[in-house]
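I have placed the structure first, in the form of structure tokens, so that the comments after it can refer back to it.
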Amino acid sequence: MSQIPGKELNRTTARSQDLAPCTTCGRHFARDVLLRHDPICKKVFNKKRKPFSSLKQRLQGTEITTVKKQPPQKVSLKLKHALCLPLFPLQKQPGKKSNWRQHHEDFINTIQSAKQVTKALKEGHPLPPPPPPSINPDYIQCPHCSRRFNEAAAQRHMKFCEEQAVRHAFAAKTTRQ
């Protein structure tokens with residue numbers, strides 16, 4: 001049946017209308033319609049869609065700028081030999097020390113304290129005190145609010161927190177007078 005009201009077509013009449021496939025999308029059209037469809041279809045299918053970036057859209061209109069990460073430049077094998085750089089360095093690169101042992105011990109302590117809480121709840125005893133918070137040595141403490149952040153977040157936060165501290169101090173002065 002046809003989608004157009006008042007025009008009833010059965011399958012035999014649709015086949016008898018000389019339908020031809022579009023070279024771009026493969027759909028079938030009548031010859032006169034195909035002449036209009038073909039240039040439009042080629043125009044639509046030749047466009048490359050730009051990949052959508054939700055990060056760009058989220059940051060649009062804010063002061064936070066996006067930093068494009070540049071891929072590390074590959075140095076050719078000949079250039080490495082020319083620069084006398086070892087292919088497989090024997091020593092670790094200087095940088096942050098791995099503190100996996102500290103993370104592991106913190107995890108074990110957390111599991112043990114959770115078991116003690118579960119046991120105390122089952123037996124009806126008072127809850128044990130919570131374990132002391134572990135301090136990550138890689139984090140930087142904010143001088144205004146004493147919270148801790150990684151390097152990148154600390155830089156952003158300290159600017160914000162300093163402005164907030166000035167506002168609160170100004171507000172306190174104006175309300176006292």
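As the structure is a computational prediction, the values presented were derived from the model and not from experiment.
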Seminar exercise, completed: Between the CZ atom in Phe149 and the CZ atom in Arg156, the distance rounded to the nearest 0.5 Å is 9.5 Å
Exercise. Looking only at heavy atoms, what is the nearest atom pair of His157 and Cys145, with distance?
Worked result: NE2-SG, 3.3 Å
For this session: Would you indicate whether the side-chain heavy atoms of Tyr139 and Asn150 approach each other to under 4.5 Å?
Result: yes
Exercise. Quick check: are there more than 12 heavy atoms from other residues, nucleotides or ligands sitting under 6.0 Å from CZ of Phe52?
Worked result: yes
Exercise. Do Gln164 and His168 come close enough that some side-chain heavy atom pair is under 4.5 Å?
Worked result: yes
Exercise. Looking at CD of Gln141 and CD1 of Ile135, how far apart are the two atoms once the value is rounded to the nearest 0.5 Å?
Worked result: 8.0 Å
Exercise. Taking atom types as modelled, is there a side-chain donor on Asp106 or Gln102 under 3.5 Å from an acceptor on the other?
Worked result: yes
Exercise. What distance separates His103 NE2 from Ser134 OG, expressed to the nearest 0.5 Å?
Worked result: 8.0 Å
Exercise. Is there a side-chain contact between Cys22 and His28, using heavy atoms and a 4.5 Å cut-off?
Worked result: no
Exercise. Between atom CZ of Arg31 and atom CG of Asp18, what is the distance when rounded to the nearest 0.5 Å?
Worked result: 4.5 Å
Problem set entry | Step-by-step side-chain contact (heavy atoms from CB on, under 4.5 Å) determination, Gln112 to Lys115 | CA-CA 5 Å; Gln112 288 176 349; Lys115 285 182 181 178; 5.7 Å; no
Problem set entry | Nearest heavy atoms of Met158 and His144, plus distance in Å | O-CD2, 4.3 Å
Seminar exercise, completed: Separation between CD (Glu105) and CG (Asn99), nearest 0.5 Å, reads 11.0 Å
Problem set entry | Straight-line distance of Asn136 CG to Arg148 CZ, nearest 0.5 Å | 8.0 Å
Show the atom names and distances, to 0.1 Å, of all donor-acceptor pairs under 3.5 Å that link a side chain in residues 116-124 to residues at least two apart or in another chain.
unit_1: Thr118; atom_1: OG1; unit_2: Ala114; atom_2: O; d: 2.9
unit_1: Glu123; atom_1: OE1; unit_2: His125; atom_2: NE2; d: 3.1

Exercise. Where the side chain of Asp38 meets the backbone of Leu34, is there a donor-acceptor pair that is under 3.5 Å apart?
Worked result: no
